[in-house]
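What follows is a set of notes on a single structure, which appears directly below.
Only heavy atoms go into these numbers, but all of them, side chains included; no hydrogens, no water, no symmetry mates.
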Amino acid sequence: MEAIRPEEVTIRQEAVKTVRHGAIMVPFRAYAMGIQFVTSLALARLLASEGFGQWGLMMAISQWGYTFFMSWTGAALTRYGREEFLSSGRMRISFTSRMYLTAPGILLMILVASAGSGFLAGVMDAPRYVVALVVLYTLSFALSETVQYILPAMGRSDLTSALLAIERTLVFAGILYLHQAGNANTVTALVAFMAPSLLLNLAVMVRIRAVLLPWQLARAHLGTYWKFCKPVLITAPMLGIVGWVDLFVIRHYMTMGHVGDYFLAYQFFNAFTQLCIIVTTVFNPFTVLIVMRNREDLADLLVNRMQWVAFLMASSLCLLMTVLAHFVFARMGGPNAPLMENVWLLLVPGGIATFLAAPIGPIYTAKEESVIPAYVCAGMMIVNVGLDLLLVPRIGPIGAAIATSVRGIVLYYFFSIMLRKFGIRSRNVVLRIFCALALTLAIRVMAHPAPILVLGILFGAWSAWEMAKIFRTRKELLSASS
C-alpha cells in the first residue's frame with residue numbers, strides 16, 4: 001500500500017472524507033442498530049422476563065471482562081495507528097504495541113474466569129460451562145472491536161458500519177433459526193451471537209494483514225503507547241462498572257424478572273448510545289488531523305455550534321424512539337409496561353448528554369490526554385454506583401434509570417468544561433442539560449404518541465437545516481490550510 005505523506009493530507013481532504021464517510025456510515029449504522037434492537041426484542045420475547053434477565057447478566061459479565069482486561073488499549077490504536085498509516089501506509093508498530101499490552105490482559109481474564117467460575121455461574125444462575133462460553137464470546141467481541149479501531153486509522157471509517165450491519169444481520173438470522181427450530185435459550189443465543197462475529201472479523205483481519213504484519217516492535221513507541229493507555233487502565237474498568245452495575249444491583253435486591261424488565265427498557269437507551277459510536281468514529285480521524293494542524297478554531301466549532309446541532313439530532317431520535325417504545329412496551333411488557341415506559345423516559349436526559357459528549361471525546365484522544373477522562377470516569381462510577389445503592393432498594397428499576405441518566409450528565413458536563421485545558425471554551429453546557437430535562441418533562445406532559453411523533457420530525461428537520469447552514473457558512477471546514 002502506497003504511503004501517504006502527512007503534508008499531503010489537508011484539512012479540506014479530511015473534512016470531505018468525514019462528510020462522505022458519515023453519509024455512508026449513518027444508514028449502515030442505523031440499520032445495524034435497528035437489526036440489533038429487533039434481535040434484542042426477539043430474544044426478550046423468546047426468553048421471557050427471567051430468561052432475558054439471565055441474558056442481560058451474561059452480557060454484563062462479558063462486557064466487564066472486555067473493559068477490565070482489554071478495552072484500555074483500543075483508542076490508542078486509532079490515535080497512533082492513524083499517524084503511522086499517514087506516514088508509512090502501515091500500522092505494524094502500533095498494532096504490535098497494542099498486542100504486547102493486551103496479551104497479558106487476555107491471559108488474566110481467562111485465569112480470573114477459571115478461578116471464579118463457580119461464583120459467576122451462580123450470578124448468572126447457569127451451569128459452569130456457560131462461563132467458558134462467555135469468555136469465548138468476550139474474545140470474539142474483542143476481535144470485532146479491534147477491527148472497528150483499525151479501519152478508521154486506515155481512513156476507512158465508511159467500512160466499519162457496513163461490517164457491523166453484515167455481522168448483526170447474520171446474528172438475527174441465527175436467532176430466527178433458533179426460533180424456527182424451537183431451540184432458543186441463553187446458551188444457543190450466545191453461540192448465535194459469537195459465530196458470525198468470529199468468522200467475519202477473522203476474514204477482515206486476513207484481508208488487511210499486510211498493513212498489520214509482520215509485527216514490528218519499537219520500544220520507544222511501546223513506551224509512548226503505554227503512557228497514553230496507563231490512565232485508561234483505570235478508566236476502562238470504571239466504564240465497565242457504570243455500564244452494567246445496574247443489572248447486578250437490581251439482581252441483588254430484586255428478582256431476575258425485574259432484571260429482564262429493566263434490561264428490555266434499557267435496550268432503547270443502548271440503541272440510542274450506539275449512535276454515539278458513529279459520531280466518535282466519524283470525527284476521530286478528522287479531530288486527529290485538526291490537532292496535527294493546530295486548528296483550534298475548528299475544534300471550537302465542533303465543541304460549540306455543532307453541539308446545538310447534536311442536541312437537536314439527539315432530541316429528535318429520543319422523541320421518535322419514545323413513540324416506538326410506547327408500542328413495544330404495550331405489546332411485550334404486560335402489566336409492567338408502565339414501569340418500562342418510566343424507565344425509558346428517565347434515561348432520555350442521560351442519553352442526550354452522552355450523545356453530546358461523543359464528538360468531544362476524540363479531542364482528548366487526539367491531544368493524548370487520558371488523565372482527565374480517567375478522573376471523569378471515576379466521578380461517573382461513584383455517582384452511578386452510589387445512586388444505585390441508594391435508590392434501587394427503595395424504588396427498584398426506576399432508581400437504576402435515574403442513576404444511569406445522572407452519570408451521562410456528569411460525563412457531558414465535565415468533558416465539556418475541562419476542555420479549557422486546551423484553550424477551548426465550551427459554552428452553554430448547563431443550558432443544554434436543562435433543555436434535555438425540559439424535553440423529558442414535555443414528553444411526560446404530552447403523553448400521547450401523536451404529538452411526540454410530530455415534535456420528533458420537526459426536531460429532525462431543524463437539525464438538518466442547522467447542519468446545512470454550518471457547511472454553507474463555515475468555509476474553513478473545507479479550507480486547504482495546514
Side-chain angles (χ1 to χ4, degrees), residues 1-10 13-14 17 66-109 139 142-157 159-160 201-202 204-236 280-281 284-294 361-374 422 482:
M1 188 171 297
E2 186 179 353
I4 305 171
R5 294 193 301 273
E7 61 271 16
E8 293 178 346
V9 181
T10 66
Q13 290 171 331
E14 200 72 7
K17 183 184 291 185
Y66 175 70
T67 54
F68 270 67
F69 300 107
M70 288 176 279
S71 68
W72 59 284
T73 60
L77 182 58
T78 299
R79 169 65 178 85
Y80 294 112
R82 182 59 177 160
E83 286 188 354
E84 184 182 352
F85 190 82
L86 286 173
S87 61
S88 67
R90 301 287 187 271
M91 292 174 52
R92 293 170 180 172
I93 296 175
S94 300
F95 184 69
T96 302
S97 296
R98 202 259 171 135
M99 295 309 299
Y100 261 72
L101 295 177
T102 305
I106 295 174
L107 179 61
L108 185 58
M109 180 190 69
L139 293 174
L143 176 63
S144 177
E145 289 293 289
T146 298
V147 171
Q148 293 291 311
Y149 284 122
I150 289 172
L151 291 176
M154 294 174 60
R156 296 308 308 268
S157 298
L159 295 180
T160 56
N201 289 291
L202 280 173
V204 173
M205 292 294 281
V206 170
R207 179 68 179 84
I208 62 174
R209 64 188 183 279
V211 177
L212 308 174
L213 299 174
W215 286 12
Q216 186 176 345
L217 179 62
R219 296 191 180 278
H221 186 278
L222 181 62
T224 302
Y225 204 105
W226 164 248
K227 182 180 179 181
F228 178 87
C229 292
K230 188 163 52 174
V232 189
L233 184 58
I234 301 172
T235 305
T280 302
T281 305
N284 222 343
F286 183 44
T287 308
V288 169
L289 194 63
I290 285 174
V291 171
M292 290 171 64
R293 297 286 190 265
N294 295 315
I363 296 177
Y364 288 98
T365 302
K367 293 284 189 179
E368 301 182 275
E369 173 57 64
S370 50
V371 175
I372 289 176
F422 312 123
S482 61

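Distance OH/Y225 to CZ/F95: 9.5 Å, rounded to 0.5 Å. Remark: S94 OG to R82 CZ distance equals 12.0 Å, nearest 0.5 Å. Taking CZ from R98 and CH2 from W72, the interatomic distance works out to 9.5 Å, rounded to the nearest 0.5 Å. Rounding to the nearest 0.5 angstrom, the gap separating the CD atom in E83 from the CD1 atom in I93 is 12.0 Å. To the nearest 0.5 angstrom, M91 atom CE is 13.0 Å from Q216 atom CD. To the nearest 0.5 Å, atom OG1 of residue T73 and atom CZ of residue F228 are 11.0 Å apart.
When all heavy atoms of S144 and N201 are compared, the closest pair comes out as CB-ND2, 3.5 Å. Residues P152 and V147 come closest through the heavy atom pair CD-O, 4.5 Å.
Although no hydrogens or angles enter the test, the distance criterion places a donor-acceptor pair under 3.5 Å between the side chain of R92 and the main chain of A210. S87 places a side-chain N or O within 3.5 Å of a backbone atom of E84 that can act as its donor or acceptor partner. A side-chain donor-acceptor contact under 3.5 Å links R209 to the backbone of V206. Side-chain atoms of T224 come within 3.5 Å of backbone atoms of A220 as a donor-acceptor pair (strictly under, hydrogens ignored).
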What's the verdict on side-chain contact (heavy atoms from CB on, under 4.5 Å) for L101 and L222, showing C-alpha distance, side-chain angles and the deciding distance? CA-CA 9 Å; L101 295 177; L222 181 62; 4.1 Å; yes
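Below 30°, between 30° and 60°, or above 60°: for Y100 and W215 the angle between ring planes is between 30° and 60°, a tilted geometry. Below 30°, between 30° and 60°, or above 60°: for H221 and Y80 the angle between ring planes is above 60°, a perpendicular geometry.
With a 4.5 Å cut-off on side-chain heavy atoms, M109 and F68 do not count as touching. At least one side-chain heavy atom of M205 sits less than 4.5 Å from a side-chain heavy atom of I150. At least one side-chain heavy atom of L139 sits under 4.5 Å from a side-chain heavy atom of M70.
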